[in-house]
Q: 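My structure is below; once you've seen it, I'll send some questions.
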Amino acid sequence: MKINEEILKKIDINKNHIENFSLETEEGTKKYKEKFTKNAIKEKNNYINNERNNFNKYKEELINYLVKEATNLIPEKNSQKYNSLKLAKDKLNNFLIDSNKYIPVNYKYGFSTILENIDENISLIELNKNIIKFIDLFNNINISLTEKDFNYTMFTNKYMKVLLENMKENEPSFSSIMKKTFDNIYWECPTLIYQLKLNLNFILIKYNKKLKLILEEKIKKTEKEFEINKKTAFNKYTEIRKEYAISKVQDEYNNLMIFFNNKKNINDYLNNSEIRNKNYNTFCIENYNELTKEQKQKYKVTIIELFETLVVLKKYYKYENILLELIKKYKQKDKLKVDYLTNSKNLEKELKLKEKINKNYNKSLGLNIFTKYNPQKLKLNQVLMNDKIEDLRKLYNNQEELEIAINIDKYINDSSTIYDFFMVSTTTFPYLIKSLKETTDEFNLDNELEEYFRFLYNPSNNFLRKISAFSDFKINNIISDKFKLLGLKINDFDIDKEHIDMTLDTISFINQIENINESKITIEDINFICKVNSISKINIEEKTEII
Amino acid sequence: MKEKLKDLTYDELLELLNKIEEHITYLQDNIVKEGESNEN
């Protein structure tokens with residue numbers, strides 16, 4: 001007999017005994033009857049207490065056994081497993097960015113984000129940190145910036161001279177020296193931060209060719225390492241990115257944790273769950289449970305493809321305004337191009353004037369025998385420089401706005417795809433940042449850029465690469481029609497801006513089950529672990545991580 | 001008991017725990033307190 005049957009039999013015997021226990025007698029005197037009842041109650045209670053102790057012991061033993069069994073089922077946490085894949089994926093992602101003709105070289109090195117960080121609201125500590133980071137990035141490629149590189153204006157030169165002399169890590173006096181220097185210059189030059197930013201930009205223009213050459217060497221090195229070239233890199237990246245994603249979503253420990261930490265309710269995912277049946281049937285023309293094994297497999301593959309497509313579509317909705325704005329600019333490109341050229345000429349002219357002011361200022365310092373120290377001219381040139389910077393500021397701002405039109409003219413034509421337009425958005429970094437800021441309420445530069453490039457290099461964004469940017473078709477129509485042809489029950493309404501999240505939730509639910517089915521843990525095991533954990537807390541940390 | 005538990009499936013184990021807990025409650029409820037008779 002199995003132990004559960006044995007115990008159920010004991011329960012029946014217990015119940016039978018308790019229910020037939022006689023506490024009263026008809027016979028004897030009243031005193032005898034009272035004594036009988038008193039003894040009978042004592043005897044019954046002794047019996048019950050004894051049995052209660054026995055069953056508490058069974059319970060304790062059974063719980064210990066359950067916890068042990070459940071703990072044995074918990075898979076080992078092994079996040080290190082994917083590290084090599086993640087490294088390869090990130091390296092190839094960098095390669096794709098580095099070798100992309102659209103993306104400016106300054107972004108590829110990380111200079112663009114430094115420049116973006118420097119604005120009028122930056123703290124002095126952050127300003128210095130960003131400048132030092134800028135210098136370090138140059139050091140990393142064996143270019144050592146000196147005082148001579150920071151002569152955009154007399155003010156930037158003065159500030160940077162002190163910074164370069166005192167630029168030591170963890171030097172306690174560094175902050176106070178720089179604060180004193182900044183305060184001294186600030187009264188003569190309230191736009192010092194902006195001038196420093198212009199100086200950094202000027203350095204990037206100066207070293208542009210060298211930066212491009214060094215980058216080409218880096219690209220060649222990665223080509224050798226992965227046995228790829230600019231044409232095959234995307235396929236290799238796609239392959240590794242998919243492998244990495246599959247390893248992560250099919251990881252048994254990660255899948256368990258989703259339910260163990262109550263992010264999702266395991267009851268919804270069990271075989272007989274109504275929610276599970278409803279979700280599986282959402283996109284299935286027939287009843288899912290009545291499909292053959294082959295039909296189920298086909299359904300699963302199509303659902304995964306739909307999920308990957310919708311992830312891109314959701315991002316497309318986020319970035320749609322970037323596309324519309326660029327199309328608008330494409331239509332006005334001829335006028336914008338003329339404006340750009342005019343602005344460029346003015347900028348060139350003003351830069352020459354700025355240089356002249358710099359020269360006059362240096363002459364007034366009286367540093368050699370041909371010049372004479374002239375404090376009045378020094379002061380005058382400082383004032384002139386501040387005015388000139390304001391003229392330049394306007395022209396630079398115009399340039400940032402207009403530069404994108406030149407790139408649109410260079411890369412776009414009437415047969416360009418949606419993808420071509422998105423790629424052009426990356427050609428002018430300030431324009432891209434400004435556009436990305438409009439896509440979100442909580443802007444974080446690094447996160448937004450990473451997300452945008454992930455979108456651009458998503459292996460499932462094929463439809464963006466094929467659909468013309470000037471097409472009249474609605475993108476959700478094209479996608480829903482494609483998946484209808486593949487046998488899914490879906491319409492354009494399900495995947496429009498308002499409903500895509502709900503649809504993605506349903507598909508994610510199905511994918512979650514399919515991913516668990518492909519992993520080394522079953523839904524039933526996860527259910528058992530969660531149930532046991534609700535009875536007696538399982539210490540999951542006891543499972544050590546394999547390195 | 002441990003050895004015998006190995007023969008049960010996870011569902012049977014959880015079901016058994018449920019039955020045992022129910023029975024412990026039953027036993028608890030059947031303790032006769034002072035002044036009560038078996039009619040209670």
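From a predicted model like this one, the values you see are computed outputs, not experimental measurements. Note on naming: letters A, B, ... go to the chains in the order of the sequence lines (proteins, then strands), and numbering restarts at 1 for each one. Below, each value reflects all heavy atoms present in this structure, side chains not excepted, and no hydrogens, waters or symmetry copies.
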Q: Could you give me the CA-CA distance, side-chain angles and deciding distance for A:Gln512 and A:Asn255, then say whether side-chain hydrogen bond (donor to acceptor under 3.5 Å, both in side chains) is met?
A: CA-CA 8 Å; A:Gln512 185 75 62; A:Asn255 279 322; 2.8 Å; yes
Q: What part of A:Asn4 lies closer than 4.5 angstrom to a heavy atom of chain B: side chain, backbone, both or neither?
A: both
Q: Where does A:Asn527 contact chain B at under 4.5 Å (heavy atoms): side chain, backbone, both or neither?
A: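 No part of A:Asn527 comes within 4.5 Å of chain B.
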Q: Answer with side chain, backbone, both or neither: which region of B:Tyr10 has an atom nearer than 4.5 Å to a non-hydrogen atom of chain A?
A: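 Contact with chain A: backbone and side chain both.
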Q: Check each atom of A:Leu66 against the heavy atoms of chain B and say whether the ones under 4.5 Å are side chain, backbone, both or neither.
A: side chain
Q: Heavy-atom distance under 4.5 Å to chain B: side chain of A:Lys2, backbone, both or neither?
A: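 Just the side chain, heavy atoms under 4.5 Å.
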Q: For A:Lys86, is the NZ atom crowded, meaning more than 12 foreign heavy atoms sit under 6.0 Å from it?
A: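 No, the 6.0 Å shell around NZ holds no more than 12 heavy atoms from other groups.
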Q: Relative to chain B, which segment of A:Leu62 carries a heavy atom at a distance below 4.5 Å: side chain, backbone, both, or neither?
A: both
Q: Report yes or no: is the cationic atom of A:Lys248 (NZ for Lys, CZ for Arg) closer than 6.0 Å to the six-membered ring centre of A:Tyr82, at no more than 45° off its axis?
A: no
Q: Taking the six-membered ring for Trp, are A:Tyr280 and A:Tyr288 parallel (under 30°), tilted (30 to 60°) or perpendicular (over 60°)?
A: tilted
Q: Is there a salt bridge (charged side-chain N to carboxylate O under 4.0 Å, His left out) between A:Lys33 and A:Glu27 once you walk through the steps?
A: CA-CA 7 Å; A:Lys33 283 178 185 172; A:Glu27 290 165 12; over 6 Å; no
Q: Would you find a donor on one side and an acceptor on the other, under 3.5 Å apart, between the side chain of A:Ser519 and the backbone of A:Asp251?
A: no
Q: Which bit of B:Glu15 is near chain A, if near means a heavy-atom gap under 4.5 Å: side chain, backbone, both or neither?
A: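 Looking at B:Glu15, nothing touches chain A.
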Q: Could you walk me through whether A:Glu6 and B:Lys4 pass the salt bridge (charged side-chain N to carboxylate O under 4.0 Å, His left out) test, one step at a time?
A: CA-CA 10 Å; A:Glu6 260 180 56; B:Lys4 288 186 172 181; 2.7 Å; yes
Q: Where on A:Tyr65 is there a heavy atom nearer than 4.5 Å to chain B: the side chain, the backbone, both, or neither?
A: side chain
Q: Tell me, side chain or backbone of A:Asp525 under 4.5 Å from chain B's heavy atoms, or both, or neither?
A: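 Answer is side chain: those atoms of A:Asp525 sit under 4.5 Å from chain B.
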Q: Can you say whether A:Lys15 sits under 4.5 Å from chain B via the side chain, the backbone, both, or neither, judging by heavy atoms?
A: both
